[in-house]
Amino acid sequence: MLFRNRKVVFLAMISLVFYFIGFMPYSRPKAASLFPLYAKYGVVSSADRIASEVGVAVLKKGGNAVDASVAVALALAVTYPTAGNLGGGGFMVIRMADGKTTAIDYREIAPAKATHDMYLDKEGNVINNISSTGYLAVGVPGTVAGLALALEKYGTMKWQDLVEPAYKLAKEGFPVSYWLAHTLSTNTDLIERYPRSTGGPRELLSKFPESKRIFLKDGNYYQAGELLKQPELALTLARLQKEGPQEFYQGTTAQLIVEDMKKNGGILTLEDLKNYKPVVREPLKGSYRGYEILTMPPPSSGGIALIEMLNILEQYDLKGLGFNSSERNHLVIEAMRRAFADRAEFLGDTDFVKVPVKGLISKNYAIEVSKSIDLGKATVSKQVKHGQPNTYESDSTTHFSIVDSMGNAVANTYTLNGSYGSGATVTGAGFLLNNEMDDFAAKVGVPNDYDLIQGEANAITAGKRPLSSMTPTIILKNGKLFLVIGSPGGPTIINTVLQVVLNVIDHGMNIQQAIDAPRFHHQWLPDALVFEPYGFSTDLINLLKSKGHIFSNKVGYMGNAQGVMIDLETNLRLGGSDSRGSDASAAGY
Ligand code: DON
C-alpha cells in the first residue's frame, strides 16, 4: 500500500538523500525504536524530551558536554520531579576530548546527628518506612554543589545562563506528559518496574501538604497536556541564578530547608548544609575484551560490581553462546550472584571503611571467583560467600548521557532515591527532598527498600555517604570514545549497564537495540531471578530451571537506560533512549 503512494516514496527518497549528505538534522520522532538517533555533532539522551532539547540548545550555542549536563540536570529538576532534583545527589563521570577523565561524587551524606541505630526501635527492630519516607530519611543534598563543581572544572559557560532554561520551565510551566500525569496521580509507573517487597504503590506525596499542593494540585491532579507551573521552584532557581550555587547551602534556600526540618522532626542542620562538599575522584578503570571501561568508584558499588562481572564473563565465549541462550544467561546470572555477594560484604564509603577495591576489580580475583561457577548448575545463593579479594589487593534516579561535537563526554546519574524521594517538599522552596538514608544498612542483614542485604561497611555514620548502585560509565575503544551509558533502577542499575555493554560488545547491537533488548536481574539475595515481561521464552525458562535457577514470581521492567555510542568509522553519534522510559528521548543535531 505504502509503496503504491508515489508521493510517500518520493518524500522518503528525498529524506534519505538529505540524510546521507548531511543537510538535515539527524533526528527521529520517538525513542522507542531499534533505530538509534543519528547526529553529526552532539547528542543528549535523557529521561525527558524537554530536558534533552534544553541540552542540545546549549550544545548548539557552543557549550560543551559539561555545560549541557548542568542545564539538563537543572531542567530535569523541573520537568521530571520523579527523580530530577535539587534536593538529591549523584555521580558524574567525565571524559574530555583531550583524554582527561574525572568522576564527581556529589552523593548525599548522613547529617551530623545521624547515628548507627537511628532507624531501630528499643528492641533493635527496624521501624517501618522512617528511613525512606519523610524528614528523617533525608541525606544532605549534593546536586547543586556537584553541578557547580563540574562546571567550574570543565565547563565553559556561565552558571546563570545554564540555570535560565530551568528557571523558565518552572516559571512559565511545561505541558505534563501522559506518563507524568499518571505517576503523579497514582505514584506508580505506567509500566511495572522491577518489583520490591517494600515498594510498589504507597501513599507518599499526599502525606505532605506542600507536596500535595504543588504536585497533586491538592488532590485534583494534573491531566496530560496541562501546564505545570512551579512558582516557588522558579524563585529558588532565580536565587541560585543571582547569588550562585552556594545560595543553596548558605542562603535563603538553606534556611527554608532547615526551617522545614525543625518543624517536622528532621535532623539536618544549617551546619550540615554549610559543610557539604562534593568530591573529585579518579574514575575506576577496567577492561573488557580490549575495550577500556571508565566508571564510578565508591561510594557507588556500581563500578566495582560492573568490572568484577565483566572480568568474570570475559573468560567465556558469550558471543558464541548467543544472546539470550540458556548457557549465556546462566553465566551472566552466576556472575551477578557473586558480584552482589561481594557488594553486600565489602562495599561502603571508602572515606570511612576500607574497601578492597583493587582486589575486587582484578582479573586474577575474577578467575578465582569463576572457579566456583558450575556450567551446568545454578549455585544456591546461600552457599555463595563473598570472595577473598584482599589477596588480590594491588587496586527514583535518572541518567543522562551527553557527547558534544568535540568528543567530550558526560555520563551522569543522579537521584532522590525512591520516586519523589522522601515525599517531602521544602515549604517555600518548591523542591522535593531525597530519601537516600535508606541506602544505608539500617540494620545489618535486614533488607532495605530495594531488598538489598548489606554489611557493616555500609552502616550509618554521621558524615558518611550511603552505598549506591549508580553506574555512570564511559567506554573507549582503542583509546577513542565509544560508549556513554547509565540507568536508574536501584540495584538493577548495575545489571542493566552490564547487559547493555554485553549487548554492544559481545552481541554487536547498536545502542538502541542494546538498550531495548530484554533484561534480567539477580542480586544474590533474595535467591530469585527476575526477568522482564516477554523477555524469556518458555523454553529458556525451562532450560534455566533445569539448571536449578529459582525464578521470582514477580516480573517487572528494569531501569530506563540512556546512552550515546560513537560510530568510529563515520564519527556519527548514535543516541539510544529507553522505550521503558516515560517521555524519554534522545535529541541531537
Ligand atoms: O544510589 C542508589 O543506588 C539508589 N539510591 C538508586 C535508586 C534508584 O535507582 C531508583 N530508581 N529507579
Nearest heavy-atom neighbours spanning [X] and [Y]:
X: Ser469; Y: Pro491; answer: OG-CA, 3.7 Å
X: Ile460; Y: Ala114; answer: CG2-CB, 3.9 Å
X: Arg289; Y: Leu313; answer: NH2-O, 3.3 Å
X: Met92; Y: Ala150; answer: SD-CB, 3.7 Å
X: Val403; Y: Leu59; answer: O-CD1, 4.0 Å
X: Ser300; Y: Met470; answer: OG-O, 2.5 Å

Checklist entry - Between His399 and Thr397, is a side chain to side chain donor-acceptor pair (under 3.5 Å) present by the stated rule, with each step listed? => result CA-CA 7 Å; His399 177 86; Thr397 307; over 6 Å; no
Item to check | Worked check of ring pair (Phe, Tyr, Trp, His ring centres under 6.0 Å) between Phe431 and Phe248 | outcome: CA-CA 12 Å; Phe431 59 87; Phe248 187 91; 5.4 Å; yes
Donor-acceptor contact below 3.5 Å, side chain [X] vs main chain [Y]:
X: Asn434; Y: Leu416; value: no
X: Glu271; Y: Leu268; value: no
X: Trp524; Y: Asp342; value: no

Item to check | Residues Leu452, Asp439; criterion side chain to side chain contact (heavy atoms under 4.5 Å, CB included); working and verdict | outcome: CA-CA 9 Å; Leu452 281 169; Asp439 275 351; over 6 Å; no
Next on the checklist: As a quick check of understanding, evaluate side chain to side chain donor-acceptor pair (under 3.5 Å) for Asp438 and Ser132, giving each step before the final call.
Outcome noted: CA-CA 5 Å; Asp438 187 65; Ser132 59; 4.6 Å; no
Going by distance alone, is a donor N or O of one side chain under 3.5 Å from an acceptor N or O of the other, for [X] and [Y]?
X: His521; Y: Gln499; answer: no
X: Asn412; Y: Tyr106; answer: yes
X: Tyr288; Y: Asp506; answer: yes

Would you say that [X] contacts [Y] through its side chain, given a criterion of any heavy-atom pair below 4.5 Å between the two side chains?
X: Pro81; Y: Tyr420; result: yes
X: Leu476; Y: Lys480; result: no
X: Glu53; Y: Val72; result: no
X: Arg107; Y: Ser468; result: yes
X: Ile474; Y: Leu483; result: no
X: Lys100; Y: Arg95; result: no
X: Asn571; Y: Ile566; result: yes
X: Tyr119; Y: Met437; result: yes

Check [Y] with [X], please: is the shortest side-chain N to carboxylate O separation under 4.0 Å?
X: Asp351; Y: Lys464; result: no
X: Asp404; Y: Arg573; result: no
X: Asp272; Y: Lys113; result: no
X: Arg338; Y: Glu334; result: yes
X: Asp578; Y: Arg519; result: yes

Next on the checklist: Just to verify, which of Val410, Ile402, Thr156 counts as forming a side-chain contact (heavy atoms from CB on, under 4.5 Å) with Asp67?
Outcome noted: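 Of the listed residues Val410, Ile402, Thr156, the side-chain contact (heavy atoms from CB on, under 4.5 Å) partner of Asp67 is Thr156.
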Next on the checklist: Name the residue from Leu237, Leu273, Thr236 that meets the side-chain contact (heavy atoms from CB on, under 4.5 Å) definition with Thr253.
Outcome noted: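 Checked Leu237, Leu273, Thr236 against Thr253; only one passes side-chain contact (heavy atoms from CB on, under 4.5 Å): Thr236.
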Checklist entry - Should the heavy atoms of other residues, nucleotides or ligands under 6.0 Å from CZ of Phe352 be counted, would the total exceed 12? => result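 Yes.
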Next on the checklist: If you count heavy atoms of other groups shown closer than 6.0 angstrom to CG of Asn478, is the number above 12?
Outcome noted: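 No, CG of Asn478 has 12 or fewer neighbouring heavy atoms, counting only those of other groups under 6.0 Å.
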Quick one: pull up [atom1] in [X] and [atom2] in [Y] and give me the separation to the nearest 0.5 Å.
X: Ser585; Y: Asp48; atom1: OG; atom2: CG; answer: 9.0 Å
X: Leu572; Y: Leu37; atom1: CG; atom2: CG; answer: 10.5 Å
X: Ile511; Y: Ser45; atom1: CD1; atom2: OG; answer: 7.5 Å
X: Tyr414; Y: Ile104; atom1: OH; atom2: CD1; answer: 15.0 Å
X: Leu568; Y: Leu481; atom1: CG; atom2: CG; answer: 8.0 Å
X: Asn311; Y: Ser362; atom1: CG; atom2: OG; answer: 7.5 Å

Item to check | Any residue meeting side chain to side chain contact (heavy atoms under 4.5 Å, CB included) with Lys61, in chain and number order, not counting sequence neighbours | outcome: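 Per chain and number, Lys61 pairs via side chain to side chain contact (heavy atoms under 4.5 Å, CB included) with no residue.
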Checklist entry - Does Phe400 have its ring centroid less than 6.0 Å away from the ring centroid of Tyr80? => result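 Centroid distance Phe400-Tyr80: not below 6.0 Å, so no.
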Checklist entry - Below 6.0 angstrom between ring centroids: does that apply to His522 and Phe340? => result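 No, they do not, as the ring centres are separated by 6.0 Å or more.
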Item to check | side chain to side chain contact (heavy atoms under 4.5 Å, CB included) between Tyr557 and Arg580, intermediate numbers included | outcome: CA-CA 7 Å; Tyr557 285 97; Arg580 296 164 186 82; 4.1 Å; yes
Item to check | Worked check of side chain to side chain donor-acceptor pair (under 3.5 Å) between Gln523 and Arg343 | outcome: CA-CA 9 Å; Gln523 60 180 48; Arg343 179 194 191 279; over 6 Å; no
Checklist entry - What do the steps show when you test Phe520 against Val332 for side chain to side chain contact (heavy atoms under 4.5 Å, CB included), and what is the final call? => result CA-CA 9 Å; Phe520 51 90; Val332 177; 3.8 Å; yes
Item to check | Listed partners of Asp161 passing salt bridge (Lys or Arg N to Asp or Glu O under 4.0 Å), at least two apart | outcome: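 Per chain and number, Asp161 pairs via salt bridge (Lys or Arg N to Asp or Glu O under 4.0 Å) with no residue.
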Next on the checklist: Name the residue from Glu292, Lys363, Glu314 that meets the side-chain hydrogen bond (donor to acceptor under 3.5 Å, both in side chains) definition with Ser287.
Outcome noted: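 Considering Glu292, Lys363, Glu314, a side-chain hydrogen bond (donor to acceptor under 3.5 Å, both in side chains) with Ser287 is found only for Lys363.
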Checklist entry - So which of Asp349, Asp105, Thr350, Asn458 actually passes side-chain hydrogen bond (donor to acceptor under 3.5 Å, both in side chains) with Arg465? => result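 Answer after filtering Asp349, Asp105, Thr350, Asn458: Asp105.
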Next on the checklist: side chain to side chain donor-acceptor pair (under 3.5 Å) for Ser46 and Ser52? Distances and angles first, verdict last.
Outcome noted: CA-CA 6 Å; Ser46 90; Ser52 294; 2.9 Å; yes
Item to check | side chain to side chain contact (heavy atoms under 4.5 Å, CB included) assessment of Leu162 paired with Leu151 | outcome: CA-CA 10 Å; Leu162 297 170; Leu151 182 66; 3.5 Å; yes
Checklist entry - In terms of the angle between their ring planes, are Tyr291 and Phe482 parallel, tilted or perpendicular, with boundaries placed at 30° and 60°? => result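 Rings of Tyr291 and Phe482: tilted, 30 to 60°.
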